[in-house]
Novice: 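Would you mind keeping the following structure in view while I ask a few things?
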Amino acid sequence: MDHQPMKSIHAGELRAEHIGQTVTLAGWVGRRRDHGGVAFVDLRDGSGIVQVVLNPDNEPASDDVLHGLRSEYCIQVEGEVTPRPEGTVNRDLPTGEVEVVASNLTVLSPAAALPFQLDDRSDVDESLRLKYRYLDMRRGRMAANLVARSKAIRAMRNVLDREAFLEVETPTLIASTPEGARDMLVPSRLRKGQFYALPQSPQLFKQLLMIGGVERYYQVAKCYRDEDFRADRQVEFTQLDLEGSFWGQEDVLTVLEKIAAEVVRDLRGEDIELPLPRLTWTEAMDRYGSDKPDLRFGMEIVDLSDAFADTEFKAFTGVLGDGGTVRGINAGALGLARSGLDALTTRAQELGAKGLVWMVVEEDGSLRSPVSKFLSDEERGAIVTRLDATYGDTLLIVADATKVARAVLGQLRLDLGQPTGHDELSFAFIVDFPVFDVGDDGSLSPAHHPFTAPASLEDLVNTPESAVSKAYDLVLNGSELGSGSVRIHDPAMQAKVFEVMGISDEDAESRFGWFLEALRYGTPPHAGFAFGIDRLVAILQGEPNIREIIPFPKTQTGADPLTGSPGRVDESQLEELGIEIAPAVLESWAAAEAGDTPE
RNA sequence: GGGGGCGUGGUGAAGCCUGGAGUUCACGCCGGCCUGUCAAGCCGGAGGUCGCGGGUUCAAAUCCCGUCGCUCCCGCCA
């Protein structure tokens with residue numbers, strides 16, 4: 001018997017060229033316009049929408065069926081593609097020149113009344129959308145985002161295939177390493193009391209692939225980090241992970257540029273300018289107060305310290321005497337009243353600054369400010385010149401430790417200047433990251449994983465606080481898309497770095513001994529990168545958070561309103577795993593079930 | 001761990017500040033009319049523990065406290 005397809009063409013594909021054809025369509029009932037006699041149905045499938053004309057004269061189905069259609073019924077329609085009558089063409093619809101006059105209508109599956117409307121006119125509460133995600137993704141927004149995500153990943157694969165990369169999968173049940181983010185743990189039944197961890201990234205496995213002779217590797221990899229959620233952070237997310245042998249930083253950045261360009265072209269039909277701009281970490285911090293600067297706007301931070309070398313203004317002399325800095329931004333013509341300017345001071349203090357000096361440039365070039373009278377003519381002149389200030393501009397100055405001044409001005413810059421939306425794209429590489437973050441108390445903590453090659457082992461040992469590593473980030477519109485580095489391929493160097501990072505020999509041996517050994521068998525120099533696909537697509541789609549890009553995301557408290565995860569498990573399951581729930585937890589469950597206030 | 005915002009028929013909002021009958025608007029739903037609409041139209045109708053608990057008050061959607069859920073942010077995310 002011949003196969004009879006349920007549909008002969010997709011609804012959104014119909015055009016004038018199909019006029020005269022008899023087609024079979026299948027999809028969902030979108031909007032209905034029932035005139036009692038003739039009725040119109042917008043038939044929607046994955047490709048788009050076409051208007052179906054249900055005329056009782058043609059008897060496509062019984063009157064009860066024709067007028068009993070409801071939103072989201074799944075239907076099949078057979079009919080002729082016809083030109084729309086004079087004056088009824090719908091220019092807003094790609095299929096608007098034609099309509100399908102139904103000769104046969106079958107209800108494949110009726111739909112209950114919907115928990116929310118599927119039009120795009122109202123913002124439905126997100127937890128409701130997530131509970132009914134399968135309905136939410138019938139709406140234009142989610143449907144378009146799923147397409148965009150698929151296109152983005154396809155573009156990445158296209159580039160990497162052309163560059164002769166091999167796609168390799170790595171395990172998702174691996175050993176836990178306490179460094180970095182909290183691991184998601186999975187208990188082992190065969191080895192009671194022991195746990196796998198879900199990977200935060202395929203880091204060590206891809207390095208093993210390099211040692212194993214896979215010279216170009218990539219993977220669309222699920223990664224897991226058990227930390228608190230943000231608009232751009234989920235406990236489970238997807239990275240494009242890649243690595244290459246006989247490679248250095250330059251090779252990685254070049255491939256990343258090709259990927260970025262291809263994804264943007266395929267999703268938006270735009271070309272981005274290559275090569276992408278590069279800033280060193282220090283430059284980014286000094287000019288933008290951030291290691292993920294939004295370069296779509298200027299408002300750069302300017303160092304004014306030397307202009308106040310001999311100042312009488314005590315707030316500045318104290319800071320400069322303590323090795324601090326005086327820096328400022330020109331926030332432009334904000335037009336703020338005194339209360340608004342004072343609010344900026346409050347904001348600066350919330351961000352950790354001791355205070356904020358604001359100045360407004362008057363028509364005669366003088367500076368209106370509470371502290372103006374403490375400054376000399378030369379100092380006021382220097383401020384205006386350095387900040388390139390003109391009439392109406394609001395200037396904001398912070399005197400503090402360098403780290404604080406950068407951070408506060410960097411955030412104020414975003415508060416006051418960051419564009420909304422993502423119509424414009426501004427990629428950049430940030431290179432030469434420091435090896436260590438310096439804490440407020442001067443303590444050092446590793447800024448990235450210990451397999452990152454230092455720029456100089458000598459510097460790392462002698463001046464660790466200022467040592468630079470061969471690590472780099474890709475940034476887009478003020479968001480960190482991902483990071484990578486040149487890796488250590490020498491076991492002696494690796495051992496030394498563990499030592500400097502405060503990982504003892506025993507620790508290194510017990511946790512990474514297998515990896516140190518692997519490095520001994522002819523490890524090629526290698527480098528790589530990993531970046532967040534969810535974040536990239538969210539920005540390219542102009543979405544405010546990555547949940548819009550993830551088909552089935554979790555809420556901020558880690559729950560899935562649709563399936564009810566996470567949930568409790570049977571006592572028998574726990575027994576098999578050798579796990580008991582702590583008494584305090586059992587008590588809080590009991591209290592909650594009794595309607596009491598859980599502790 | 002901390003700070004901010006939100007929670008009102010199925011959906012979205014207004015009402016809350018300044019307490020006075022579950023009031024209003026749009027959409028949806030149900031019924032009726034309607035043979036060229038495209039956010040179809042017209043008429044009628046149903047639908048509520050104002051998240052939950054406590055307190056103040058003669059009186060609470062409204063004020064106070066607690067709690068739960070969602071969300072944004074700080075911490076955290078080598």
Side-chain angles (χ1 to χ4, degrees), chain A residues 30-43 49-58 63 66-68 70-72 82 84-93 95-96 99 101 112-132 135 177-183 200-201 203 223-235 237 350-352 407 411 414-415 433 435-437 444-452 469 471 480 483 485 497-498 501-503 532 544-545 547 554-559 561 591-592 595-599:
Chain A
R31 294 205 154 269
R32 278 170 299 127
R33 294 171 292 280
D34 188 342
H35 290 244
V38 72
F40 301 90
V41 163
D42 290 335
L43 180 77
I49 284 175
V50 73
Q51 172 163 283
V52 171
V53 182
L54 301 173
N55 191 324
D57 302 342
N58 302 329
D63 275 11
L66 289 185
H67 300 296
R70 294 293 181 269
S71 286
E72 298 305 308
T82 63
R84 290 205 182 187
E86 189 90 25
T88 64
V89 168
N90 187 342
R91 301 281 169 209
D92 297 332
L93 230 49
T95 61
E99 59 192 12
V101 179
L114 302 169
F116 56 89
Q117 289 163 254
L118 300 192
D119 61 42
D120 289 324
R121 283 194 293 158
S122 51
D123 276 335
V124 179
D125 181 71
E126 198 178 338
S127 54
L128 194 65
R129 290 176 55 204
L130 292 184
K131 183 175 178 185
Y132 297 97
L135 296 178
T177 54
E179 291 83 15
R182 201 175 287 113
D183 278 327
Q200 298 177 25
S201 79
Q203 183 60 36
C223 302
Y224 304 83
R225 293 179 191 172
D226 190 7
E227 299 293 348
D228 286 355
F229 287 64
R230 288 284 190 285
D232 62 353
R233 278 162 37 187
Q234 285 264 312
V235 68
F237 60 102
E350 284 167 6
L351 293 168
Q411 186 57 51
L414 291 177
D415 289 353
F433 270 70
V435 176
F436 292 103
D437 292 327
L444 299 180
S445 56
H448 34 254
H449 62 67
F451 314 104
T452 300
S469 61
E480 179 197 322
S483 54
S485 62
V497 167
F498 278 146
M501 294 207 160
I503 301 172
N545 65 67
R547 292 186 302 277
K554 309 222 178 334
T555 66
Q556 197 164 47
T557 52
D596 294 347
T597 305
E599 185 48 38

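Just so we're on the same page: letters track the sequence lines, and every chain starts at 1.
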Novice: Ignoring hydrogens and geometry beyond distance, is the side chain of A:Asp42 in donor-acceptor contact with the base of B:C38 at under 3.5 Å?
Specialist: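 For A:Asp42, whose side chain was compared with the base of B:C38, there is no donor-acceptor pair (under 3.5 Å).
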
Novice: Please evaluate the base of B:C38 for a donor-acceptor partner in the side chain of A:Arg91 within a cut-off of under 3.5 Å?
Specialist: no

Novice: Suppose you measure atom P in B:C74 against the same atom in B:G55; what distance do you get, rounded to whole Å?
Specialist: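 Rounded to whole Å, the distance is 39 Å.
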
Novice: For B:G69, which nucleotide is its Watson-Crick or G-U wobble mate, given both distances must be under 3.5 Å?
Specialist: B:C6

Novice: Rounded to whole Å, how long is the line connecting atom CD1 of A:Ile49 with atom P of B:U37?
Specialist: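 In whole Å, B:U37 P lies 19 Å from A:Ile49 CD1.
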
Novice: With a 3.5 Å distance limit and no angle check, can you tell me whether A:Arg233 reaches the backbone of A:Asp228 through a side-chain donor-acceptor pair?
Specialist: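 Looks like yes, one N/O pair under 3.5 Å.
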
Novice: Give each protein N/O atom lying under 3.5 Å from an N/O atom of nucleotides 24-28 of chain B, with the pair distance.
Specialist:
unit_1: B:C27; atom_1: O2'; unit_2: A:Gln117; atom_2: OE1; d: 3.0
unit_1: B:C27; atom_1: O2'; unit_2: A:Gln117; atom_2: NE2; d: 2.1
unit_1: B:C27; atom_1: O2; unit_2: A:Gln117; atom_2: OE1; d: 2.9
unit_1: B:G28; atom_1: O4'; unit_2: A:Gln117; atom_2: OE1; d: 3.4

Novice: Using the C1' atom as the reference point in each nucleotide, state the distance between B:U62 and B:G22 in Å, no decimals.
Specialist: 13 Å

Novice: Distance check, C1' atoms only: B:G15 and B:G20, in whole angstrom units.
Specialist: 14 Å

Novice: Kindly write out the residues that satisfy salt bridge (Lys or Arg N to Asp or Glu O under 4.0 Å) with A:Asp125, not counting sequence neighbours, or none if the list is empty.
Specialist: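 Not a single residue meets the salt bridge (Lys or Arg N to Asp or Glu O under 4.0 Å) criterion with A:Asp125.
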
Novice: Base, sugar-phosphate alone, or nothing: which one does A:Leu93 contact when heavy atoms must sit under 4.0 Å apart?
Specialist: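 No contact at all - A:Leu93 keeps every heavy atom at 4.0 Å or more from the nucleic acid.
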
Novice: Taking only the C1' atom of each, what is the distance from B:A46 to B:C30 in whole angstrom?
Specialist: 7 Å

Novice: Tell me whether the ring of A:His35 lies stacked over the B:G36 base, given a 5.5 Å limit on centroids and a 30° limit on the plane angle.
Specialist: no

Novice: Donor-acceptor pair, A:Gln234 side chain versus A:Arg547 backbone, under 3.5 Å?
Specialist: no

Novice: What's A:Asp57 touching, base or sugar-phosphate or nothing? Going by heavy atoms closer than 4.0 Å.
Specialist: base

Novice: Please report the distance separating the C1' of B:U11 from the corresponding atom of B:G4, rounded so that it comes out in whole Å.
Specialist: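 26 Å, rounded to whole Å.
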
Novice: Which heavy atom of A:Pro446 sits nearest a heavy atom of A:Met501, and at what distance?
Specialist: CB-SD, 3.9 Å

Novice: If pairing requires Watson-Crick or G-U wobble contacts with both distances under 3.5 Å, which nucleotide is the partner of B:U18?
Specialist: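 Paired with no nucleotide.
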
Novice: Which base, if any, makes a Watson-Crick or G-U wobble pair with B:C63, both distances under 3.5 Å?
Specialist: B:G55

Novice: Which whole number of Å gives the distance between the P atom of B:G3 and that of B:U67?
Specialist: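 The answer is 11 Å between these two P atoms.
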
Novice: Where the side chain of A:Arg225 meets the backbone of A:Gln200, is there a donor-acceptor pair that is under 3.5 Å apart?
Specialist: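 Judged by distance alone, yes, a pair lies under 3.5 Å.
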
Novice: Rounded to the nearest angstrom, tell me the gap between atom CG in A:Leu54 and atom C1' in B:C38.
Specialist: 14 Å

Novice: Among B:U37, B:U35, B:C30, find the nucleotide with the atom closest to the side chain of A:Arg70.
Specialist: B:C30

Novice: Say whether A:Gln51 and A:Arg33, considering side chains only, have a donor N or O and an acceptor N or O under 3.5 Å apart.
Specialist: yes

Novice: What interatomic distance, in whole Å, is found between C1' of B:C76 and the corresponding atom of B:C29?
Specialist: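 Going atom to atom, C1' in each nucleotide, I get 46 Å.
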
Novice: Within a strict 4.5 Å, meaning less than it, do heavy atoms of the A:Val41 and A:Leu54 side chains meet?
Specialist: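 The answer is yes; the side chains approach within 4.5 Å.
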
Novice: Are the ring of A:Phe116 and the six-membered base ring of B:U11 within the stacking cut-offs of under 5.5 Å and under 30°?
Specialist: no

Novice: Under 3.5 Å, is there an N or O donor on one side and an acceptor on the other linking the side chain of A:Glu86 and the base of B:G36?
Specialist: no

Novice: Where each residue is assigned the nucleotide of RNA chain B containing its nearest heavy atom, which of A:Pro115 and A:Gly37 is assigned the position nearer the 5′ end?
Specialist: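 Going by which nucleotide is closer to the 5' end, it is A:Pro115.
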
Novice: Establish, with yes or no, whether the OP1 or OP2 oxygen of B:U37 is under 4.0 angstrom from a side-chain nitrogen or oxygen of A:Arg33.
Specialist: no

Novice: Starting at the 5' end of nucleotides 69-78 of chain B, put B wherever the base has a protein heavy atom under 4.0 Å, S where only the sugar-phosphate does, and a dash everywhere else.
Specialist: -SBBSBBBBB

Novice: Do the side-chain N and O atoms of A:His448 and A:Ser469 include a donor-acceptor pair separated by under 3.5 angstrom?
Specialist: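 Note: A:His448 and A:Ser469 side chains meet the donor-acceptor criterion.
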
Novice: Under a 3.5 Å distance rule, please check whether A:Arg182 uses its side chain to pair with a backbone N or O of A:Asp226 as donor and acceptor.
Specialist: yes

Novice: Classify the nucleic acid contact of A:Asp123 as base, sugar-phosphate or nothing, counting any heavy atom under 4.0 Å across all strands shown.
Specialist: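 Sugar-phosphate only.
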
Novice: Check for a donor-acceptor pair, side chain of A:His449 on one end and backbone N or O of A:Phe451 on the other, with a separation under 3.5 Å.
Specialist: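 Checked: pair present.
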
Novice: Is there side-chain contact between A:Ser71 and A:Leu118, with heavy atoms separated by less than 4.5 Å?
Specialist: no

Novice: Take atom P in B:C42 and the same atom in B:C27, then report the distance between them in whole Å.
Specialist: 9 Å

Novice: Determine which nucleotide pairs with B:C42, using a 3.5 Å limit on both distances of a Watson-Crick or G-U wobble pair.
Specialist: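 For B:C42, the partner nucleotide comes out as B:G32, under the 3.5 Å rule.
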
